[in-house]
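Down below is the structure, laid out as structure tokens.
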Amino acid sequence: MNKHSHFDNTQIMYRAEELINAASNRYKITVQVANRAKRRRYEDIDVHDEVMMKPVLRAIVEMSDELTQPEIIGD
């Protein structure tokens with residue numbers, strides 16, 4: 001288990017692959033992940049609870065959760 005996140009590298013890679021496979025355009029999904037990570041980075045600048053997980057990894061996890069759990073409200 002990586003000390004910087006709650007997910008191991010293989011799980012992150014699997015979730016990223018799920019996102020890419022589900023997307024109709026790889027470029028668009030990559031831009032969406034980057035935009036969400038950037039937005040979350042600035043929103044959470046004062047919150048130090050989830051500093052352990054990098055914004056890009058957190059965006060991948062959130063977006064893959066939204067993909068597999070449609071009841072979660074997403075962007």
Side-chain angles (χ1 to χ4, degrees):
M1 190 69 73
N2 189 346
K3 71 177 185 175
H4 295 295
S5 69
H6 302 292
F7 297 92
D8 62 3
N9 290 337
T10 56
Q11 190 173 13
I12 296 291
M13 293 298 291
Y14 175 73
R15 286 173 175 251
E17 187 175 344
E18 273 185 334
L19 282 175
I20 290 171
N21 289 338
S24 61
N25 186 326
R26 290 179 184 218
Y27 175 77
K28 283 185 180 181
I29 196 68
T30 303
V31 170
Q32 287 175 349
V33 169
N35 285 337
R36 178 176 290 206
K38 185 177 179 181
R39 185 172 59 242
R40 290 289 305 239
R41 183 174 148 218
Y42 291 115
E43 287 174 356
D44 296 343
I45 202 153
D46 294 330
V47 178
H48 298 291
D49 294 341
E50 294 188 41
V51 174
M52 300 299 282
M53 186 178 280
K54 301 272 185 183
V56 171
L57 299 179
R58 192 169 13 158
I60 290 170
V61 169
E62 288 174 358
M63 290 179 75
S64 68
D65 283 345
E66 291 170 4
L67 181 68
T68 59
Q69 301 171 6
E71 65 273 4
I72 298 174
I73 298 173
D75 295 302

Inset, instruction - Find the distance between CZ (R15) and CD (E62) and round it off to the nearest 0.5 Å. - result: 10.5 Å
Inset, instruction - Please round to the nearest 0.5 Å and tell me the distance separating atom CE of M63 and atom CZ of R36. - result: 5.0 Å
Inset, instruction - Search all heavy atoms of A37 against all heavy atoms of A59 and return the closest pair with its distance. - result: N-CB, 3.9 Å
Inset, instruction - Find out if a path of hydrophobic residues (ILVMFWY) with successive side-chain heavy-atom gaps under 4.5 Å connects M13 to L19. - result: no
Please tabulate, for side-chain N and O atoms in residues 22-34, each donor-acceptor pair with protein atoms closer than 3.5 Å (sequence neighbours left out).
unit_1: N25; atom_1: OD1; unit_2: Y27; atom_2: N; d: 2.9
unit_1: N25; atom_1: OD1; unit_2: K28; atom_2: N; d: 3.3
unit_1: T30; atom_1: OG1; unit_2: R26; atom_2: O; d: 2.7

Inset, instruction - Check whether any side-chain heavy atom of V61 lies under 4.5 Å from a side-chain heavy atom of D65, and answer yes or no. - result: yes
Legend entry - ILVMFWY clustering at 4.5 Å (side-chain atoms), partners of Y14: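 Reading the cluster by chain and number, Y14 sits alone, since nothing else belongs.
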